[in-house]
Every structure is written in C-alpha cells, then in structure tokens.
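The figures here come from the full heavy-atom set of this structure, side chains too, leaving out hydrogens, waters and symmetry mates. Throughout, numbering of the chain's residues begins at 1 and tracks the sequence.
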Amino acid sequence: MPHPLIEMQLHQNRRQFFGRTSTGIGVAALASLLNRDLFSKETANDPTRVGGLPGIPHFAPKAKRVIYLLQSGAPSQVDLLDYKPSLDKLHMGELPDSVRKGQRLTGMTAGQKKFPIVKSPWKFRQHGESGTWLSDLLPHMGKVADDICVINSMHTEAINHDPAITFFQSGHQQPGRPSIGAWLSYGLGSETENLPSFVVLLSKNSFHQAQPLYDRLWGSGFLSSKYQGVKFRSQGDPVLYLSDPAGGSDANRRVMLDRLAKLNQLREQEIGDPEITARIAQYEMAYRMQTSVPELADISDETASTLKLYGDDVKEPGSHAANCLLARRLAERGVRFIQVFHRGWDHHSNVQQHLPTLAKQTDQGSAALIADLKQRGMLDETLVIWGGEFGRTVYSQGNPKSFGRDHHPRCFSIWMAGGGIKPGITYGQTDDYCYNITENPVHVHDFHATILHCLGINHERLTYRFQGRDYRLTDVHGTVVKDIIK
C-alpha cells in the first residue's frame, strides 16, 4: 500500500501543482522575515527602516510618521472650527431650498417639515499671529493655532456612519479594503523591529449613543495580515497574552517559538501559503513586544512639566490625553502609523449638553500632543491629523430649544499639523449657511493623496494586485492639495 503522502502527491491537481512550484518564493519571503538584512540593498538609503517596498518613498518625504486622532461620530464644524458670523442674522430662519438644492438627507430629518437654522451657542475668537478662528470650546487648541492648518472644505459621499468611517479608513465605503495604516505599513515598513508599524489606541467612551468601532477599520484587507493595526488596550496588558503564563520563563518561550517556527516552515514549504510566513513574523514580533511594550506603557519617566501639559486626565489610562501621550511615545520609538479613536461625537439632540463634554475630553490632549512634539523637535517629521467622518447640519434636528445636528457630508472641517503641512492657515470656504463649499473643495481621496505625498509616496504608484486588478488607497481618484504643503 503506497505511503499516504506519496499517494497525495500522485493525486494532486493542476492548481496544487502550480501552487507548490511557487514554494521557492515563499521560502525567500520567509528568509527575508527572519533576516532583515538579506535584501538590504532595498533599504540601503534608509538603514533604520524595517520592511517596506523597494523604491519607496518615491521622493524625499516631509514626514516620517502619522498620528491620526480620529473623532468617531462626526464633530460639528459649525460649533468648533468653521466660524460663520452670518448665522447671527440667519438664526431661527428657515434654510432656503436654494441652499439645500434637493440634497440627500438622512432618515432622521428627511421627514421634518421645517429646517430652522441654529447658530452656534459658543463664541469664536481669533488666536495666534495667524488669527485662526476657533470656538471657545477649544481654548487649548487656541494656544497652538499657529501650528495647525484648518481645512473647512472637506466633503465626502457617505451620509451614514459606517460607510463614512470605512471610506476615511480605506478609501472605499464597502468593507474589505486595506486601511490607510496597513497601506503605509506595506509600502514604508517601520522604523523599529520591536513594535508594530501600525498601532491603534481606543479612548474610553462616555456617550451613551456612541457609534461602534470594528477591528476591520484598522484591518489589512487583501494585504498580508502582518500589516493590520495592533490594538493596544488601556486595562491590563496593553496587548492580550503579552505576559508569560505563571511559572513560564523567557528561555522556555524562546525554545517553544523556535520549534513552532520550524513546524510552520515545513507547512509553508508544503502548501506555499504566504500567511504562514506572516504568522511566523507575528510570533517573533510578539516575543520582542514582551520587552518593548511594558517600557513603552510606563510613563513614570515623563517629567512633571510634560504631564502637566497633557492635564490631569493623562494619569487615567484610556483617556484621550493618556492616549495622546502614548502616541508620542510610540512615535519616538519608530511606529509608522498611530491612530487614536475617540467616540461620542454623534449628537442628534442636546448639542449644548453633549458637545462641551466631548470638546473638553479632547482639547487639551490634542493641543499638548502638538506642543510636545514641537518642543522635542519631532513635529516637522510627524503628520498629526484631527477630524471625523463627516460634518453636522446647520439646521436643527428636532426641537430648536434642545437642538441636535444631523449628518452633513457636504462640508465639514478637520485640522492637520506638522509633517510638511503649512502652519497657521485656514483652507477652503463654505457659504454663509455653512452648507455648501464655495472655495477649494477637498475630497476624501484628495485627503489620502495628500497624506501619502507628505510621506514621499505618489498615491498613484502605491498599488497591490489582487484578483487581477491593481488596487490603491485612492482608487482611481485623488489630487494632492499642494496649497497646504510647505
């Protein structure tokens, strides 16, 4: 009776044959993972880089890394960043049909018979030498106004949260594409061997109607799983199972990983699945993180002045301030893309009650991050971004006395700082109703193209072939917003 393995080989089909003939590629990939210097000529221009594609960056980058403070739920640009003195006169008047232009509304306000305009209850003031207009809800951001670029002309296509935030994360409204952090990990690699190139931090949520977040928002899509974001927790071990079991030792763990790697290598040689090499690399990364992550998470070495800069909340794990400080520490240690998610901005009622709470939770930490990076000489090479997935309506949702603001994708505001972005400017204009863009529109694809440009990447050339098509973050669109780049 033939040996089972021999029989399996004799009965292999055509697809299996071609799959096995590609094994040599998998072995080469595995070798490159275990020996980072094997193809050192690819990264000879940047000896500090780990991984990434040859030929990238395409040109001299202005930024080395990104810290993206994503405000899930969509902050109200009307009340925070887009100053409209015209609303004083328009307050409680009906939004004209000529302004709405039949634009799509959500099911939450489509049935309203009236659309009364509600001005912001908070005053706006000019800050810094640039005279940037900011709401009184953002007093700490006012102190760094000369370091940020406010974009008031963002627009998107999605009108509901899940497709909108998926669009911002992956350049597509449907799930399944790689997230922006995964694209950067794939193209640029990392500056460290001891931490992931893409880290996600989730801030604590205090709002009862906050939108959920899903792991696919920082997933790798059709790229290798080694490029997906690694989520750090605020309680217990920052990463699950980071600590060895009781009674275990580092030596025993090293022996176990070596033996496991040999088993995985045998399996990879048999079937040629590239995900096996990714799994080996992730085991090795986890082993190195056992040393690097505890040191990273311990902020006892921070000075009293630094902790004071971030405010009292910095001592509360999982707060926005604590995550902003952790983001700076990650950036110092070579992490390529750090994303901090803060939920709770979805205010369909009682804006006057809810918005000040969210602004207070995020204002000081965000401003401190900019100031901290700047004083350490890191801001010029770190691109910092703050913003949500769309904006909010100028008209009231529900009773104007306890008004809410509905979703508004037609125009909204974000800010960017550092990493080659011109500081102290406001870009783009909206009409007197803060409803339509009148000057310099910036689409989500343009936003992505600009981020990649700051990192030295031509967004049309960072591609990945999947199922017979070359995919990219910006799909077939996107124009770099050169007016905001130094």
Side-chain angles (χ1 to χ4, degrees), residues 19 22-23 25-36 39 49-53 56 66 68 165-166 169-172 174-202 213-233 237-242 256-257 260-290 292-293 330 334-339 341 462-467 469-473:
S22 66
T23 298
I25 299 175
V27 172
L30 174 63
S32 69
L33 286 170
L34 299 179
N35 178 9
R36 58 165 292 196
F39 303 123
R49 196 174 90 177
V50 181
L53 298 177
I56 293 182
V66 178
Y68 190 166
I165 197 169
T166 302
Q169 285 297 102
S170 67
H172 200 266
Q174 297 296 323
R177 302 283 183 92
S179 60
I180 181 172
W183 276 112
L184 292 178
S185 296
Y186 164 66
L188 284 176
S190 181
E191 293 181 294
T192 176
E193 290 184 309
N194 298 321
L195 288 166
S197 59
F198 178 16
V199 172
V200 174
L201 306 171
L202 305 184
L213 296 172
Y214 307 100
D215 285 8
R216 61 173 171 77
L217 293 175
W218 46 90
S220 56
F222 44 70
L223 297 176
S224 170
S225 59
K226 69 181 179 181
Y227 300 121
Q228 67 187 6
V230 176
K231 181 173 65 176
F232 280 24
R233 305 187 310 154
D237 286 340
V239 180
L240 284 172
Y241 312 116
L242 195 65
M256 183 271 290
L257 288 175
L260 182 60
K262 290 180 180 179
L263 289 173
N264 280 326
Q265 289 171 37
L266 291 172
R267 183 61 175 166
E268 196 280 333
Q269 291 171 15
E270 180 182 342
I271 66 173
D273 184 355
E275 277 299 304
I276 296 177
T277 62
R279 180 65 60 88
I280 296 172
Q282 295 299 71
Y283 276 129
E284 292 299 319
M285 172 62 74
Y287 178 74
R288 294 192 293 271
M289 286 169 61
Q290 287 190 298
S292 62
V293 170
L330 285 162
V335 176
R336 182 71 67 185
F337 192 89
I338 306 131
Q339 192 152 30
F341 287 84
L462 179 60
T463 62
Y464 186 87
R465 180 163 287 269
F466 176 65
Q467 295 182 342
R469 177 190 163 186
D470 288 332
Y471 286 85
R472 69 185 207 217
L473 174 63

Distance in Å, L195 CG paired with I338 CD1, rounded so as to fall on 0.5 Å steps:
9.5 Å
Show your working on side-chain contact (heavy atoms from CB on, under 4.5 Å) between V50 and T192 and close with a plain yes or no.
CA-CA 6 Å; V50 181; T192 176; 5.9 Å; no
Would S185 and S197 count as a side-chain hydrogen bond (donor to acceptor under 3.5 Å, both in side chains) here? Give the steps.
CA-CA 6 Å; S185 296; S197 59; 2.7 Å; yes
Between the side chain of R177 and the main-chain N/O of G221, is any donor-acceptor distance below 3.5 Å?
no
Taking all non-hydrogen atoms of both residues into account, name the closest pair between R472 and L462 and its distance.
CB-O, 3.3 Å
When rounded to the nearest 0.5 angstrom, what distance separates CD in Q228 from CG in L223?
10.5 Å
Quick check against the 3.5 Å criterion: does R336 have a side-chain atom that pairs as donor or acceptor with the backbone of L188?
yes
Closest heavy-atom contact between K231 and W218?
CD-CZ2, 3.7 Å
Looking only at heavy atoms, the pair that brings F341 and Q169 closest together is CZ-NE2, 3.7 Å
Please evaluate residues Y68 and F337 with respect to the criterion side-chain contact (heavy atoms from CB on, under 4.5 Å), reporting the C-alpha separation (whole Å), side-chain torsions for both, the decisive distance (0.1 Å), and the verdict.
CA-CA 8 Å; Y68 190 166; F337 192 89; 4.0 Å; yes
Regarding T166 and R216, do their side chains bring together a donor and an acceptor under 3.5 Å, going by distance alone?
yes
Working for side-chain contact (heavy atoms from CB on, under 4.5 Å), residues L213 and I165:
CA-CA 9 Å; L213 296 172; I165 197 169; 4.1 Å; yes
OG1 of T463 to CZ of R469: how many Å apart, nearest 0.5 Å?
11.0 Å
Closest heavy-atom contact between S179 and G219?
OG-O, 2.8 Å
Can you say whether the rings of Y464 and Y186 are parallel (under 30°), tilted (30 to 60°) or perpendicular (over 60°)?
perpendicular
I need the minimum non-hydrogen distance between S190 and G334, along with the two atoms involved.
OG-O, 3.3 Å
Over 60° means perpendicular and under 30° means parallel, so tell me whether F222 and F466 are parallel, tilted or perpendicular.
parallel
Mind running side-chain contact (heavy atoms from CB on, under 4.5 Å) on L217 and V200 for me, showing each step along the way?
CA-CA 10 Å; L217 293 175; V200 174; over 6 Å; no
